[in-house]
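Before any comments, here is the structure.
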Amino acid sequence: MPALARPSLPDVLYIPEYMANWPWPRAINPHYEEVKAESNAWFRSFRPFNARSQHAFEKCDFEHLRTGCDLMNLFFVIDEYTDVEPAHVVREMVDVVIDALNNPNKPRPEGEILLGEIARQFWALAIKTATPTSQKHMIEAFTDYLNSVVQQAEDRDDNRWRTLDEYFANRRENIGARPSYVPMELDLNLTDDIFYHPVITELSIYIADLIILGNDIASFNKEQATGDDRHNILSIAMRQFDTDYDGAIAWAVNYHQEVETKFLDGLKRVPSFGAEVDRQLQQYIYGLANWPRCNDCWNFESGRYFGKRGLEYQKTRRVPRLPKVARSYRENDLHREEVEIPLVEQLETAT
(Lines give C-alpha, C1' and ligand atoms only; values in the text may rest on other atoms or scores of the structure.)
Protein backbone atom coordinates (compact mmCIF):
# COMPACT_ATOMS: atom_id res chain seq x y z
CA MET A 1 0.00 0.00 0.00
CA PRO A 2 1.58 3.36 -1.00
CA ALA A 3 2.56 5.92 1.61
CA LEU A 4 -0.18 8.42 2.44
CA ALA A 5 -0.12 11.47 4.66
CA ARG A 6 -1.89 10.82 7.93
CA PRO A 7 -4.95 13.04 8.49
CA SER A 8 -4.91 15.36 11.46
CA LEU A 9 -6.97 14.24 14.44
CA PRO A 10 -9.65 16.30 16.20
CA ASP A 11 -8.87 17.67 19.66
CA VAL A 12 -11.73 15.61 21.07
CA LEU A 13 -12.28 12.05 19.84
CA TYR A 14 -15.88 10.85 19.65
CA ILE A 15 -16.58 7.24 20.63
CA PRO A 16 -20.07 6.13 19.55
CA GLU A 17 -22.17 3.72 21.62
CA TYR A 18 -21.54 0.85 19.25
CA MET A 19 -22.75 -1.72 21.83
CA ALA A 20 -26.09 0.00 22.46
CA ASN A 21 -28.16 -2.71 20.73
CA TRP A 22 -26.20 -5.80 21.82
CA PRO A 23 -28.75 -8.06 23.58
CA TRP A 24 -26.41 -9.39 26.27
CA PRO A 25 -26.08 -7.05 29.32
CA ARG A 26 -23.12 -6.63 31.66
CA ALA A 27 -22.74 -9.57 34.06
CA ILE A 28 -19.92 -10.49 36.41
CA ASN A 29 -19.02 -13.68 38.24
CA PRO A 30 -19.80 -13.29 41.99
CA HIS A 31 -16.44 -14.88 42.87
CA TYR A 32 -14.46 -12.52 40.63
CA GLU A 33 -12.87 -10.29 43.30
CA GLU A 34 -11.65 -13.23 45.38
CA VAL A 35 -10.25 -15.16 42.44
CA LYS A 36 -8.74 -12.04 40.87
CA ALA A 37 -6.78 -11.43 44.07
CA GLU A 38 -5.42 -14.99 44.01
CA SER A 39 -4.46 -14.72 40.35
CA ASN A 40 -2.78 -11.35 40.77
CA ALA A 41 -0.82 -12.59 43.80
CA TRP A 42 0.44 -15.53 41.73
CA PHE A 43 1.39 -13.24 38.87
CA ARG A 44 3.20 -10.70 41.09
CA SER A 45 5.32 -13.50 42.53
CA PHE A 46 7.21 -13.66 39.23
CA ARG A 47 8.20 -9.96 39.37
CA PRO A 48 7.66 -9.70 35.59
CA PHE A 49 7.88 -5.89 35.54
CA ASN A 50 9.75 -3.12 37.32
CA ALA A 51 7.88 -1.27 40.07
CA ARG A 52 6.47 1.48 37.86
CA SER A 53 5.30 -0.85 35.11
CA GLN A 54 3.83 -3.26 37.67
CA HIS A 55 1.80 -0.33 39.00
CA ALA A 56 0.59 0.42 35.46
CA PHE A 57 -0.32 -3.25 35.00
CA GLU A 58 -2.33 -3.34 38.22
CA LYS A 59 -4.33 -0.32 37.07
CA CYS A 60 -5.81 -2.72 34.48
CA ASP A 61 -8.34 -4.72 36.52
CA PHE A 62 -9.00 -8.03 34.74
CA GLU A 63 -11.18 -23.26 39.55
CA HIS A 64 -12.23 -22.11 35.72
CA LEU A 65 -12.62 -18.50 36.67
CA ARG A 66 -9.05 -18.67 38.00
CA THR A 67 -7.88 -20.04 34.65
CA GLY A 68 -9.55 -17.11 32.91
CA CYS A 69 -7.90 -14.59 35.26
CA ASP A 70 -4.50 -16.24 34.92
CA LEU A 71 -4.91 -16.28 31.14
CA MET A 72 -5.47 -12.51 31.06
CA ASN A 73 -2.28 -12.03 33.09
CA LEU A 74 -0.36 -14.29 30.71
CA PHE A 75 -1.68 -12.36 27.71
CA PHE A 76 -0.59 -9.09 29.25
CA VAL A 77 3.01 -10.07 29.91
CA ILE A 78 3.40 -11.69 26.46
CA ASP A 79 2.00 -8.54 24.86
CA GLU A 80 4.30 -6.18 26.74
CA TYR A 81 7.44 -8.28 26.33
CA THR A 82 6.97 -8.92 22.60
CA ASP A 83 5.78 -5.45 21.57
CA VAL A 84 9.27 -3.97 21.97
CA GLU A 85 11.26 -6.72 20.25
CA PRO A 86 12.19 -7.52 16.62
CA ALA A 87 10.58 -10.53 14.98
CA HIS A 88 13.46 -12.97 15.47
CA VAL A 89 13.47 -12.30 19.23
CA VAL A 90 9.68 -12.58 19.39
CA ARG A 91 9.96 -15.95 17.60
CA GLU A 92 12.34 -17.17 20.30
CA MET A 93 10.01 -15.95 23.03
CA VAL A 94 6.87 -17.57 21.65
CA ASP A 95 8.69 -20.86 21.02
CA VAL A 96 9.49 -20.91 24.74
CA VAL A 97 5.81 -20.41 25.59
CA ILE A 98 4.69 -23.07 23.10
CA ASP A 99 7.11 -25.57 24.61
CA ALA A 100 5.97 -24.73 28.14
CA LEU A 101 2.31 -25.23 27.27
CA ASN A 102 3.03 -28.57 25.63
CA ASN A 103 5.20 -29.72 28.55
CA PRO A 104 3.63 -28.30 31.73
CA ASN A 105 5.35 -30.85 33.98
CA LYS A 106 8.85 -30.26 32.59
CA PRO A 107 11.08 -27.89 34.62
CA ARG A 108 12.11 -24.84 32.63
CA PRO A 109 15.82 -24.33 31.85
CA GLU A 110 17.90 -22.14 34.13
CA GLY A 111 18.19 -18.59 32.81
CA GLU A 112 15.25 -18.90 30.40
CA ILE A 113 13.01 -15.89 29.84
CA LEU A 114 10.31 -15.65 32.52
CA LEU A 115 7.52 -16.26 30.02
CA GLY A 116 8.27 -20.00 30.02
CA GLU A 117 7.70 -20.53 33.73
CA ILE A 118 4.63 -18.26 33.84
CA ALA A 119 3.07 -20.22 30.95
CA ARG A 120 4.04 -23.57 32.48
CA GLN A 121 2.49 -22.78 35.86
CA PHE A 122 -0.62 -21.33 34.25
CA TRP A 123 -1.26 -24.45 32.22
CA ALA A 124 -0.20 -26.93 34.90
CA LEU A 125 -2.93 -25.53 37.16
CA ALA A 126 -5.53 -25.19 34.40
CA ILE A 127 -5.34 -28.79 33.17
CA LYS A 128 -6.22 -30.09 36.62
CA THR A 129 -9.84 -29.10 36.00
CA ALA A 130 -9.99 -28.95 32.18
CA THR A 131 -11.58 -31.61 30.01
CA PRO A 132 -9.32 -33.27 27.41
CA THR A 133 -11.19 -31.59 24.53
CA SER A 134 -10.79 -28.13 26.04
CA GLN A 135 -7.09 -28.77 26.64
CA LYS A 136 -6.64 -29.66 22.99
CA HIS A 137 -8.47 -26.55 21.85
CA MET A 138 -6.39 -24.32 24.11
CA ILE A 139 -3.08 -25.61 22.77
CA GLU A 140 -4.30 -25.16 19.19
CA ALA A 141 -5.71 -21.69 19.77
CA PHE A 142 -2.79 -20.41 21.84
CA THR A 143 -0.24 -21.65 19.32
CA ASP A 144 -2.06 -19.82 16.52
CA TYR A 145 -2.22 -16.69 18.69
CA LEU A 146 1.52 -16.81 19.39
CA ASN A 147 2.37 -17.28 15.72
CA SER A 148 0.27 -14.22 14.90
CA VAL A 149 2.27 -12.21 17.44
CA VAL A 150 5.37 -13.04 15.40
CA GLN A 151 3.58 -11.83 12.26
CA GLN A 152 2.80 -8.54 13.99
CA ALA A 153 6.47 -8.15 14.89
CA GLU A 154 7.42 -8.82 11.27
CA ASP A 155 5.02 -6.05 10.22
CA ARG A 156 6.76 -3.66 12.63
CA ASP A 157 10.19 -4.65 11.33
CA ASP A 158 9.11 -4.22 7.71
CA ASN A 159 7.16 -1.00 8.36
CA ARG A 160 4.21 -2.77 6.74
CA TRP A 161 0.68 -1.46 6.51
CA ARG A 162 -1.94 -4.18 6.08
CA THR A 163 -5.23 -3.79 4.22
CA LEU A 164 -8.39 -4.22 6.27
CA ASP A 165 -8.84 -7.81 5.05
CA GLU A 166 -5.20 -8.63 5.84
CA TYR A 167 -5.50 -6.97 9.23
CA PHE A 168 -8.60 -8.93 10.19
CA ALA A 169 -6.92 -12.18 9.12
CA ASN A 170 -4.03 -11.50 11.52
CA ARG A 171 -5.92 -9.73 14.27
CA ARG A 172 -8.53 -12.46 14.72
CA GLU A 173 -5.68 -14.57 16.08
CA ASN A 174 -3.52 -11.77 17.46
CA ILE A 175 -6.17 -10.31 19.75
CA GLY A 176 -6.27 -13.61 21.63
CA ALA A 177 -9.98 -14.21 21.20
CA ARG A 178 -9.79 -17.94 20.51
CA PRO A 179 -7.73 -18.80 23.62
CA SER A 180 -10.06 -16.51 25.60
CA TYR A 181 -13.04 -18.65 24.54
CA VAL A 182 -11.51 -21.80 26.03
CA PRO A 183 -12.18 -21.01 29.72
CA MET A 184 -15.86 -21.17 28.77
CA GLU A 185 -15.52 -24.82 27.74
CA LEU A 186 -13.18 -26.12 30.45
CA ASP A 187 -15.99 -28.26 31.92
CA LEU A 188 -17.49 -29.19 28.55
CA ASN A 189 -16.86 -32.06 26.15
CA LEU A 190 -17.14 -30.43 22.75
CA THR A 191 -15.43 -32.73 20.28
CA ASP A 192 -13.84 -31.30 17.15
CA ASP A 193 -16.78 -32.12 14.89
CA ILE A 194 -18.91 -29.88 17.12
CA PHE A 195 -16.38 -27.26 18.21
CA TYR A 196 -15.12 -26.68 14.68
CA HIS A 197 -18.48 -27.08 12.97
CA PRO A 198 -18.70 -24.39 10.23
CA VAL A 199 -21.56 -22.54 11.95
CA ILE A 200 -19.82 -22.51 15.35
CA THR A 201 -16.56 -21.38 13.74
CA GLU A 202 -18.46 -18.65 11.91
CA LEU A 203 -20.01 -17.42 15.17
CA SER A 204 -16.62 -17.36 16.89
CA ILE A 205 -15.19 -15.25 14.05
CA TYR A 206 -18.04 -12.74 14.33
CA ILE A 207 -17.37 -12.39 18.06
CA ALA A 208 -13.64 -11.92 17.41
CA ASP A 209 -14.45 -9.15 14.93
CA LEU A 210 -16.66 -7.38 17.46
CA ILE A 211 -13.89 -7.60 20.05
CA ILE A 212 -11.37 -6.24 17.54
CA LEU A 213 -13.57 -3.27 16.65
CA GLY A 214 -14.31 -2.43 20.28
CA ASN A 215 -10.71 -2.84 21.39
CA ASP A 216 -9.25 -0.76 18.57
CA ILE A 217 -11.77 2.06 18.98
CA ALA A 218 -10.98 2.25 22.70
CA SER A 219 -7.21 1.88 22.39
CA PHE A 220 -6.71 4.24 19.43
CA ASN A 221 -6.12 7.41 21.47
CA LYS A 222 -3.41 5.86 23.61
CA GLU A 223 -1.80 4.14 20.63
CA GLN A 224 -1.71 7.26 18.46
CA ALA A 225 -0.05 9.12 21.35
CA THR A 226 2.68 6.50 21.72
CA GLY A 227 3.19 5.98 17.99
CA ASP A 228 1.83 2.45 18.15
CA ASP A 229 -1.31 2.89 16.03
CA ARG A 230 -0.18 1.14 12.85
CA HIS A 231 -1.80 -2.06 14.16
CA ASN A 232 -5.20 -0.43 14.76
CA ILE A 233 -8.26 -0.73 12.58
CA LEU A 234 -9.05 3.00 12.68
CA SER A 235 -5.61 3.92 11.36
CA ILE A 236 -5.93 1.31 8.63
CA ALA A 237 -9.43 2.49 7.67
CA MET A 238 -8.25 6.11 7.49
CA ARG A 239 -5.43 5.02 5.23
CA GLN A 240 -7.37 2.60 3.02
CA PHE A 241 -10.41 4.85 2.53
CA ASP A 242 -8.41 8.10 2.49
CA THR A 243 -10.64 9.51 5.22
CA ASP A 244 -10.32 11.19 8.60
CA TYR A 245 -10.98 9.95 12.14
CA ASP A 246 -14.71 10.61 11.95
CA GLY A 247 -14.93 8.78 8.62
CA ALA A 248 -13.06 5.78 10.06
CA ILE A 249 -15.31 5.74 13.13
CA ALA A 250 -18.42 5.84 10.95
CA TRP A 251 -17.13 2.90 8.92
CA ALA A 252 -16.22 0.92 12.08
CA VAL A 253 -19.63 1.46 13.68
CA ASN A 254 -21.44 0.48 10.49
CA TYR A 255 -19.33 -2.66 10.16
CA HIS A 256 -19.94 -3.45 13.84
CA GLN A 257 -23.69 -3.36 13.17
CA GLU A 258 -23.29 -5.64 10.16
CA VAL A 259 -21.35 -8.19 12.22
CA GLU A 260 -23.90 -8.05 15.04
CA THR A 261 -26.64 -8.90 12.55
CA LYS A 262 -24.59 -11.75 11.09
CA PHE A 263 -24.05 -13.24 14.56
CA LEU A 264 -27.73 -13.06 15.48
CA ASP A 265 -28.70 -14.62 12.16
CA GLY A 266 -26.04 -17.31 12.65
CA LEU A 267 -27.61 -18.35 15.95
CA LYS A 268 -30.66 -19.51 14.00
CA ARG A 269 -28.49 -21.92 12.01
CA VAL A 270 -26.84 -23.76 14.92
CA PRO A 271 -27.57 -27.46 14.34
CA SER A 272 -28.76 -29.90 16.97
CA PHE A 273 -26.41 -32.62 18.19
CA GLY A 274 -28.69 -34.19 20.79
CA ALA A 275 -30.01 -32.94 24.13
CA GLU A 276 -26.81 -33.17 26.20
CA VAL A 277 -24.49 -31.75 23.56
CA ASP A 278 -27.00 -29.00 22.78
CA ARG A 279 -27.02 -28.02 26.46
CA GLN A 280 -23.23 -27.77 26.49
CA LEU A 281 -23.16 -25.90 23.21
CA GLN A 282 -25.76 -23.43 24.45
CA GLN A 283 -23.53 -22.71 27.48
CA TYR A 284 -20.53 -22.15 25.22
CA ILE A 285 -22.40 -19.89 22.79
CA TYR A 286 -23.74 -17.82 25.69
CA GLY A 287 -20.11 -17.29 26.72
CA LEU A 288 -19.24 -16.21 23.18
CA ALA A 289 -22.12 -13.73 23.12
CA ASN A 290 -21.07 -12.26 26.46
CA TRP A 291 -17.51 -11.53 25.27
CA PRO A 292 -18.14 -8.29 23.31
CA ARG A 293 -19.97 -6.82 26.32
CA CYS A 294 -17.21 -8.00 28.63
CA ASN A 295 -14.60 -6.40 26.40
CA ASP A 296 -16.51 -3.12 26.15
CA CYS A 297 -16.93 -2.86 29.94
CA TRP A 298 -13.26 -3.67 30.52
CA ASN A 299 -12.18 -1.00 28.05
CA PHE A 300 -13.83 1.71 30.13
CA GLU A 301 -13.49 0.23 33.63
CA SER A 302 -9.92 -1.08 33.66
CA GLY A 303 -7.89 2.13 33.41
CA ARG A 304 -5.73 0.79 30.56
CA TYR A 305 -7.07 3.08 27.85
CA PHE A 306 -8.80 5.91 29.70
CA GLY A 307 -7.07 6.12 33.07
CA LYS A 308 -9.26 7.20 35.96
CA ARG A 309 -11.85 8.84 33.70
CA GLY A 310 -13.10 5.72 31.93
CA LEU A 311 -16.59 5.76 33.43
CA GLU A 312 -16.90 9.47 32.66
CA TYR A 313 -15.95 8.90 29.02
CA GLN A 314 -18.30 5.94 28.85
CA LYS A 315 -21.12 8.41 29.54
CA THR A 316 -19.96 11.43 27.54
CA ARG A 317 -18.41 9.41 24.66
CA ARG A 318 -15.98 12.28 24.12
CA VAL A 319 -12.29 11.82 24.91
CA PRO A 320 -9.62 14.55 24.75
CA ARG A 321 -6.91 13.58 22.27
CA LEU A 322 -3.68 12.67 24.03
CA PRO A 323 -0.54 14.54 22.93
CA LYS A 324 2.05 12.55 21.04
CA VAL A 325 5.07 11.64 23.11
CA ALA A 326 8.35 13.05 21.82
CA ARG A 327 9.93 9.60 21.80
CA SER A 328 7.94 6.40 21.66
CA TYR A 329 8.30 4.32 24.79
CA ARG A 330 8.86 1.39 22.43
CA GLU A 331 12.02 3.08 21.15
CA ASN A 332 13.83 2.97 24.49
CA ASP A 333 16.25 0.27 25.62
CA LEU A 334 14.01 -1.25 28.29
CA HIS A 335 13.05 -4.87 27.70
CA ARG A 336 11.60 -7.87 29.49
CA GLU A 337 11.34 -7.21 33.24
CA GLU A 338 12.30 -3.55 32.66
CA VAL A 339 9.78 -2.89 29.89
CA GLU A 340 7.99 0.42 30.31
CA ILE A 341 4.17 0.44 30.46
CA PRO A 342 2.89 4.03 30.29
CA LEU A 343 -0.12 5.17 32.28
CA VAL A 344 -2.71 7.30 30.51
CA GLU A 345 -2.15 9.93 33.21
CA GLN A 346 1.51 10.10 32.17
CA LEU A 347 0.58 10.51 28.52
CA GLU A 348 -1.82 13.37 29.31
CA THR A 349 1.14 15.51 30.36
CA ALA A 350 3.69 14.12 27.89
CA THR A 351 5.65 16.40 25.58
Side-chain angles (χ1 to χ4, degrees), residues 22-24 29 63-68 70-72 74-75 94 97-105 119 122-151 165 168-212 258-295:
W22 191 243
W24 288 268
N29 191 300
E63 154 157 2
H64 297 153
L65 175 60
R66 170 64 189 271
T67 298
D70 288 353
L71 177 62
M72 296 303 108
L74 179 58
F75 275 140
V94 304
V97 177
I98 291 171
D99 182 72
L101 292 175
N102 281 280
N103 300 281
N105 298 315
F122 154 72
W123 195 228
L125 179 62
I127 60 177
K128 292 180 179 180
T129 56
T131 60
T133 53
S134 67
Q135 292 181 40
K136 177 179 182 291
H137 297 153
M138 174 61 88
I139 295 298
E140 292 168 348
F142 214 94
T143 300
D144 289 344
Y145 153 71
L146 290 169
N147 287 329
S148 75
V149 171
V150 178
Q151 293 174 0
D165 288 344
F168 271 117
N170 172 265
R171 191 64 167 145
R172 285 173 184 140
E173 300 295 347
N174 179 267
I175 203 167
R178 284 178 54 216
S180 298
Y181 301 158
V182 174
M184 305 180 306
E185 65 153 326
L186 291 175
D187 62 336
L188 306 179
N189 183 31
L190 299 176
T191 54
D192 282 359
D193 60 315
I194 299 166
F195 189 78
Y196 291 121
H197 185 279
V199 174
I200 307 306
T201 298
E202 181 182 332
L203 293 176
S204 71
I205 290 173
Y206 293 149
I207 293 301
D209 285 358
L210 294 179
I211 294 171
I212 290 166
E258 290 180 12
V259 177
E260 288 182 46
T261 299
K262 289 178 180 178
F263 179 82
L264 295 175
D265 289 344
L267 291 178
K268 303 171 186 176
R269 294 185 284 108
V270 175
S272 175
F273 297 94
E276 174 55 24
V277 174
D278 288 354
R279 180 195 66 78
Q280 295 187 44
L281 194 56
Q282 183 179 25
Q283 177 181 325
Y284 178 72
I285 292 175
Y286 170 78
L288 286 179
N290 191 54
W291 246 111
R293 180 69 67 190
C294 164
N295 180 67

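Below, all heavy atoms of this structure are taken into account, side chains as well, without hydrogens, waters or symmetry copies.
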Next on the checklist: Could you go through L267 and L203, starting from their C-alpha distance and side-chain angles, then the distance that decides it, and tell me whether this counts as side-chain contact (heavy atoms from CB on, under 4.5 Å)?
Outcome noted: CA-CA 8 Å; L267 291 178; L203 293 176; 4.1 Å; yes

Checklist entry - Any salt bridge between D192 and K136, counting N to O under 4.0 Å? => result yes

Checklist outcome for this item: Heavy-atom nearest pair, V182 first then S134, reads CG1-O, 3.6 Å

Checklist outcome for this item: To the nearest 0.5 Å, atom CH2 of W123 lies from atom OG1 of T67 at 7.5 Å

Item to check | Straight-line distance of I207 CD1 to W291 CH2, nearest 0.5 Å | outcome: 11.0 Å

Checklist outcome for this item: Shortest non-hydrogen pair, S180 vs F75, comes out as OG-CE1, 3.3 Å

Checklist entry - N174 and R171: side-chain hydrogen bond (donor to acceptor under 3.5 Å, both in side chains), yes or no, with the steps? => result CA-CA 4 Å; N174 179 267; R171 191 64 167 145; 2.6 Å; yes

Checklist entry - About how many Å separate CG of N290 and CD1 of I285, when rounded to the nearest 0.5 Å? => result 13.5 Å

Item to check | Worked verdict on Y206 versus E202 for side-chain hydrogen bond (donor to acceptor under 3.5 Å, both in side chains) | outcome: CA-CA 6 Å; Y206 293 149; E202 181 182 332; 2.8 Å; yes

Checklist entry - Can any side-chain N or O of Q135 pair as donor or acceptor with the backbone N or O of A130 at less than 3.5 Å? => result yes

Next on the checklist: Would you compute the distance between atom CZ of F195 and atom CD of E140 and round it to the nearest 0.5 angstrom?
Outcome noted: 8.0 Å

Checklist entry - Has the side chain of Q280 got a donor or acceptor atom that lies under 3.5 Å from a matching backbone atom of N189? => result yes

Item to check | Minimum-distance pair of heavy atoms, taken over all atoms of P183 and G68 | outcome: CG-CA, 4.1 Å

Item to check | P198 backbone acceptor or donor facing T201 side chain under 3.5 Å | outcome: no

Checklist entry - Would T133 and L188 count as a side-chain contact (heavy atoms from CB on, under 4.5 Å) if you check the C-alpha gap in whole Å, the side-chain angles of each, and the deciding distance to 0.1 Å? => result CA-CA 8 Å; T133 53; L188 306 179; over 6 Å; no

Next on the checklist: Tell me if the OH atom of Y286 is crowded by more than 12 foreign heavy atoms within 6.0 Å.
Outcome noted: no

Checklist entry - Between CG of L74 and CZ of F142, what distance do you get to the nearest 0.5 Å? => result 4.0 Å

Next on the checklist: Minimum heavy-atom separation for D278 and P271, please, with both atom names.
Outcome noted: OD1-O, 4.2 Å

Item to check | Which atom of I211 lies closest to which atom of N295, heavy atoms considered | outcome: O-ND2, 3.5 Å

Next on the checklist: Using only atom types and a distance under 3.5 Å, with no angle test, would you say the side chain of S148 pairs donor to acceptor with the backbone of Y145?
Outcome noted: yes

Item to check | Distance (rounded to the nearest 0.5 Å) between F263 CZ and D209 CG | outcome: 12.0 Å

Checklist entry - Is there a side-chain contact between Q283 and D187, using heavy atoms and a 4.5 Å cut-off? => result yes

Checklist outcome for this item: All heavy atoms of L125 vs all of D70, minimum pair found to be CD2-OD2, 3.9 Å

Checklist outcome for this item: When I205, L288, V259 are each screened for side-chain contact (heavy atoms from CB on, under 4.5 Å) with L210, the one that passes is V259

Item to check | Backbone N/O of A289 and side chain of W22: donor-acceptor pair under 3.5 Å | outcome: yes

